[in-house]
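Below, chains carry the letters A, B, ... as their sequence lines are ordered, and counting in each starts from 1.
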2 protein chains.
Amino acid sequence: MTDSNPNAALTAPSIPGDALPPVEQHAQQYATVRNAHETELIEDYVELIGDLLAHRGEARAADIANRMAVSQATVSKMIRRLNELELVTSKPYRSLFLTEAGQKMAETSRARHDIVLHFLRALGVKDATARIDAEGMEHHVSDETLAIMQRFTEQQQNN
Amino acid sequence: MTDSNPNAALTAPSIPGDALPPVEQHAQQYATVRNAHETELIEDYVELIGDLLAHRGEARAADIANRMAVSQATVSKMIRRLNELELVTSKPYRSLFLTEAGQKMAETSRARHDIVLHFLRALGVKDATARIDAEGMEHHVSDETLAIMQRFTEQQQNN
DNA sequence: CAAACAGTTTAGCCTTGGCTAACAATATTG
DNA sequence: CAATATTGTTAGCCAAGGCTAAACTGTTTG
Ligand SMILES: [Mn+2]
Ligand SMILES: [Mn+2]
Ligand SMILES: [Mn+2]
Ligand SMILES: [Mn+2]
């Protein structure tokens, strides 16, 4: 549980920069990231399906494959998983639809995604870059940071 | 390559929110994220090894396992990979060291990580939260955004 | 309405990144 | 210095998320 080399002070170089965080806190950082990685792809699928339903009226596997730049086989497998998780309903060869739980997840993810995207634009990041960055960052932004981003964006707009 | 349902405008609901980006751009978002995921764990290992070397004088597998909250077996396997990638050198039962390439990656990752962390703190995020968010966000921040974050932090400090 | 095309599913493969259990090497200590 | 504790390695397992190739279903069109 604790670091080896107890007499670190004796061997450490002279310019240590920022200190290392305590082991438990440091471990928490990585664990939180691993956790986010478990859910983020699911969130992106559900969010995209919600967007396709909202903007196109239907969400076909082929559209998802094209929009994600992934093979149709990959999408088909993932749809089975979403089904098992009871996030979508699907009849073979028909459009997907979101369950109640799926709609809730889609809304939450969409809202969070928008906050991050609008924040980056408010910061001065070009739209195309902001979109790319937001797609990855969104899954690693705490509620605390999210709230601050939202306030920042609003203040920026009242100027 | 293009969406199905060409007469989307006819079937789309009345509150479309932000429009969907063009397929190619949308695909690029997800592809960039997938790309980042391929390298981020490697970067975190190399960065941590660099930090342990800087602050402790040595980087032992057990320390990495504790700091990452991961089993020693997982670390051992990853070290083999880092060796194959020629990012670290290691003798059995001895401390790890970074190769030239490893040092370069560690520096780059550390710098990027610090910019994101300091930016979040400058935004007003609590330290513990900022550390957690930065650990995940850092891998998804473009150079463009990174530069803007750095400027923001500096301006905040000159107040 | 049959053929061609488009969309979907399945099977089987691969890599990554986790884990536990068992074993091996080194370090610490009675 | 032998016994014990710590550290490191190996083997074998698993799930996730990619892929290609082949089969199947549904739609469009000559
Ligand atoms: Mn999203
Ligand atoms: Mn995303
Ligand atoms: Mn980092
Ligand atoms: Mn990280």
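Between the CG atom of B:Leu41 and the P atom of D:dG17 there is a distance of 15 Å, rounded to whole Å. Distance B:Leu82 CG to C:dG17 P: 10 Å, rounded to the nearest Å. To the nearest angstrom, P of C:dC19 lies 12 Å from CE of B:Met68. Rounded to an integer number of Å, the gap from CG of A:Asp44 to P of D:dG17 is 11 Å. Here the P atom of nucleotide C:dG17 and the NE2 atom of A:His37 are 10 Å apart, to the nearest Å. A straight line from CZ of B:Arg81 to C1' of C:dC14 spans 14 Å, rounded to a whole angstrom. Here the C1' atom of nucleotide C:dG17 and the CD atom of B:Gln72 are 17 Å apart, to the nearest Å. Atom CD1 of B:Ile64 and atom P of D:dT7 are 13 Å apart (whole Å).
Contacts between residues 85-94 of chain B and DNA chain C, defined by a heavy-atom separation under 4.0 Å, are made by B:Tyr93, B:Arg94.
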Does the pair B:Val46 and B:Gln103 meet the rule for a side chain to side chain contact (heavy atoms under 4.5 Å, CB included), with working shown?
CA-CA 8 Å; B:Val46 168; B:Gln103 284 179 41; over 6 Å; no

Please walk me through it: do B:Glu144 and A:Thr129 pass side-chain hydrogen bond (donor to acceptor under 3.5 Å, both in side chains)?
CA-CA 8 Å; B:Glu144 182 192 338; A:Thr129 313; 2.5 Å; yes

Run the side chain to side chain contact (heavy atoms under 4.5 Å, CB included) test on A:His26 and B:Met68 for me, step by step, so that the C-alpha distance in whole Å, both residues' side-chain angles and the decisive distance to 0.1 Å come before the verdict.
CA-CA 7 Å; A:His26 207 169; B:Met68 291 212 168; over 6 Å; no

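Among the protein residues, B:Ile79 comes within range of no part of the nucleic acid, since none of its heavy atoms lies under 4.0 Å from any strand. When heavy atoms are screened at a 4.0 angstrom cut-off, B:Val70 is found touching the sugar-phosphate backbone but no base atom.
Set against D:dG18, D:dG12, D:dA11, the side chain of B:Lys77 has D:dG12 as its closest nucleotide. Here D:dT10 is the nucleotide among C:dG17, D:dG17, D:dT10 with the atom lying nearest to any side-chain atom of B:Ser76. Of the candidate nucleotides D:dT7, C:dT20, C:dG18, D:dT7 has the atom lying nearest to any side-chain atom of B:Arg60.
For the pair A:Thr74 and D:dC19, the criterion of a side-chain N or O lying under 4.0 Å from OP1 or OP2 is met. Side-chain N/O atoms of A:Arg34 include none lying less than 4.0 angstrom from OP1 or OP2 on C:dG17.
Taking 4.5 Å as the limit, some side-chain heavy atom of B:Arg60 sits within range of a side-chain heavy atom of B:Asp63.
Comment: B:Arg94 does not engage B:Glu58 in a salt bridge, judged by the lack of any side-chain N to carboxylate O separation of less than 4.0 angstrom.
In terms of position on DNA chain D, the residue among A:Ser71 and B:Ser95 whose nearest nucleotide sits closer to the 5' end is B:Ser95.
Residues passing the ring-ring contact (aromatic ring centres under 6.0 Å, His included) test with B:His140, sequence neighbours excluded: A:His140, B:His37.
The closest side-chain donor-acceptor pair between A:Asn83 and A:Ser90 falls under 3.5 angstrom.
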